[in-house]
Amino acid sequence: MLSPESTEIVRATLPAVGGAIGEITPLFYETMFADHPELERDLFNRGNQGSGAQRTALAGAIAAYATMLVEHPEQRPGAMLARISHKHASLGITADQYKIVHSYLFGAIVQVLGEAVTPEVAAGWDEVYWLMAGELIALEAKHYQEAGVEPGEVWQRMTVVERRPQSRDAVSFTLRPAAGGPAPAFRPGQYVSVAVRLADGARQIRQYSLSAAPGAEAWRITVKRVHGGTGPDGEVSGWLHEHVRAGDELTVSLPFGDLTLPEPDAAAGPEGEPPLLLASAGIGCTPMTGILDHLVRTGSTRRVTVVHGDRSPADHAHADELAALVAALPGGVLHRWYEEDAAGHGRAGLVDLTAVELPAGVQAYLCGPLPFMRAVRTELLRRAVPAQAVHYEVFGPDLWLAGR
């Protein structure tokens, strides 16, 4: 909890800091990368830096956290902190790196706001930073402990044992530990980071959902090739598509992510488990495929409504597998929308939940482009699904809060 003195200072200066955060975050990254080029080259996503998405996400997270501290001190942005901490753990972030960020972030604040940053103002915002950092460090330590590794020691070599096309722009890679033995356990819906060394020597990292159920000897990830349109193409997805074949090795993190089903309540029995809505668009189908595979393998009888939207059937990764998994669930129902060539495959246009029956007590899981998830969440709230029953995954910078 923020101290009473700092609460008043932060409340009074929040408009000024919030109004200048668009200047502060670019300066923060520019100065930090100038002194530590290895961070931009080997840790941060260069594409997100170039587009400004990472800067917007950082601004949104800081503003959201500070606002909650002063306006709702009894609450914590748990979902936001959970998403960030899992992402950090998948990158191998350690507590000492927060000191580097602190130094450059506060240097940027002072440079932008100048004399307005009195010692009292600096102390108040310093408290905000370390409260947020402390919560994240604690969460990340817990993730590392649960994974059975020292902080940051998340990387391992995995051998590609199969490469298989899943749509015209997506391929799946089946991975086994290069050292032998079964792949580590994970929870359905989680993801791993993949680190690759590009032609210019940069080590770039991206996250990919595990698209099959846990319990097998191997993992499977599915990678959609990112076409940049007006911007650059995806560096890592393009490299994986062009260079990786069966027999190659990849550097892969342990699994992380919190878009997962809670452990079954043994006392409640199968009948007591809430119905599910799994809603995805584009490559957001991958965690849902893993969750569905798990439900089928464990003999689930719960009611599961699956909603998916895509550009066309040819772009829909795991389309046949998705249909087969839903058909194998006694309570499974599938709804599909395609913007192109929908005839015989699903409904035409964008996903529209207004005609989809939602059972009482439904728990919703969303993954896909941010506009899609916002639209689905809005419709769910309109239909009286509680906000705490709507769970979602954001890949790349978390622009959810920044866009509100």
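Please read all numbers here as calculations on a predicted model, not as lab measurements. Note that these values count all heavy atoms, side chains included, but never hydrogens, waters or copies made by symmetry. Quick note: residue numbers are just sequence positions, from 1.
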Exercise. Does Glu379 pair with Arg382 as a salt bridge, N-O distance under 4.0 Å?
Worked result: yes
Exercise. Looking just at side-chain N and O atoms, do Glu127 and Ser6 make a donor-acceptor pair shorter than 3.5 Å?
Worked result: yes
For this session: Write down the atom of Val326, the atom of Val306, and the distance for their closest heavy-atom approach.
Result: CG2-CG2, 3.7 Å
For this session: Test Asn45 against every option in Glu40, Arg206, Gln54 by the side chain to side chain donor-acceptor pair (under 3.5 Å) rule and name the one that passes.
Result: Arg206
For this session: Decide whether Glu393 and Tyr191 meet the rule of one side-chain donor and one side-chain acceptor closer than 3.5 Å.
Result: no
Exercise. Pairs in or reaching into residues 24-61: which pass ring pair (Phe, Tyr, Trp, His ring centres under 6.0 Å), with residues at least two apart or in two chains?
Worked result: Tyr29-Phe33, Tyr29-Phe44, Phe33-Phe44, His36-Tyr104
Exercise. Less than 4.0 Å between a side-chain N and a carboxylate O, is that true for Arg203 and Glu38?
Worked result: no
Problem set entry | Test side-chain hydrogen bond (donor to acceptor under 3.5 Å, both in side chains) applied to Asp352 - qualifying residues, sequence neighbours left out | Thr354
Problem set entry | Partner set under side chain to side chain contact (heavy atoms under 4.5 Å, CB included) for Thr260, not counting sequence neighbours | Arg187, Gln190
Seminar exercise, completed: Closest non-hydrogen atoms of Gln207 and Ser90, given as atom of the first, atom of the second and distance, are NE2-OG, 3.6 Å
Exercise. What residues form a side-chain hydrogen bond (donor to acceptor under 3.5 Å, both in side chains) with Glu153, not counting sequence neighbours?
Worked result: none
Exercise. Is the closest side-chain donor-acceptor distance between His316 and Ser167 under 3.5 Å?
Worked result: no
Exercise. Does Arg168 pair with Asp315 as a salt bridge, N-O distance under 4.0 Å?
Worked result: yes
For this session: Only counting residues at least two apart or in another chain, list the ones meeting side-chain hydrogen bond (donor to acceptor under 3.5 Å, both in side chains) with Arg164.
Result: Glu162
Problem set entry | Thr94 side chain near Gln97 side chain, heavy-atom distance below 4.5 Å | yes
Problem set entry | Atom CG of Asp320 with >12 non-hydrogen neighbours under 6.0 angstrom | no
Exercise. Is any side-chain heavy atom of Arg220 closer than 4.5 Å to a side-chain heavy atom of Thr289?
Worked result: yes
Exercise. Should Leu380 and Leu277 count as side-chain neighbours, where that means a heavy-atom distance under 4.5 Å?
Worked result: yes
For this session: Spell out, as yes or no, whether a donor-acceptor pair under 3.5 Å connects the side chain of Thr7 to the backbone of Ser3.
Result: yes
Exercise. Hey, is Arg311 close enough to Asp169 for a salt bridge, meaning N to O under 4.0 Å?
Worked result: no
Problem set entry | Close side-chain approach of Leu250 and Leu175, heavy atoms under 4.5 Å | yes
Problem set entry | Ala147 to Leu254 - nearest heavy-atom pair and separation | CB-CD1, 3.9 Å
For this session: Could you check if a side-chain atom of Trp337 sits within less than 4.5 angstrom of a side-chain atom of Leu350, using non-hydrogen atoms only?
Result: no
For this session: Please determine, by modelled atom types, if Arg157 and Thr251 share a side-chain donor-acceptor pair under 3.5 angstrom.
Result: yes
For this session: Go through the side-chain N and O atoms of Asp126 and His102 and say whether any donor and acceptor fall under 3.5 Å apart.
Result: yes
Exercise. So, for Tyr365 and Leu259, which heavy atoms are closest and what is the spacing to 0.1 Å?
Worked result: CD2-CD1, 3.7 Å
Exercise. Do any N or O atoms from the side chain of Arg163 and from the backbone of His241 form a donor-acceptor pair under 3.5 angstrom?
Worked result: yes
Exercise. Should Val307 and Leu278 count as side-chain neighbours, where that means a heavy-atom distance under 4.5 Å?
Worked result: no
Exercise. Closest heavy-atom contact between His335 and Arg347?
Worked result: ND1-NH2, 2.9 Å
Exercise. So do the side chains of Tyr208 and Phe173 get within less than 4.5 Å of each other, counting heavy atoms only?
Worked result: no
For this session: Verify side-chain contact (heavy atoms from CB on, under 4.5 Å) between Leu14 and Trp125, making sure each step is shown before the conclusion.
Result: CA-CA 9 Å; Leu14 186 57; Trp125 281 94; 3.5 Å; yes
Seminar exercise, completed: Sorted by chain and residue number, the side chain to side chain contact (heavy atoms under 4.5 Å, CB included) partners of Ala389 (sequence neighbours excluded) come out as Gln363, Val385, Pro386
Problem set entry | Flag side-chain contact, heavy atom, 4.5 Å: Leu261 against Leu295 | yes
Exercise. Does a sphere of radius 6.0 Å around CD in Gln145 hold more than 12 heavy atoms from other residues, nucleotides or ligands, not counting ones at 6.0 Å or beyond?
Worked result: no
Exercise. Which pair of heavy atoms, one from Leu353 and one from Arg383, lies closest together, and at what distance?
Worked result: O-NH1, 2.6 Å
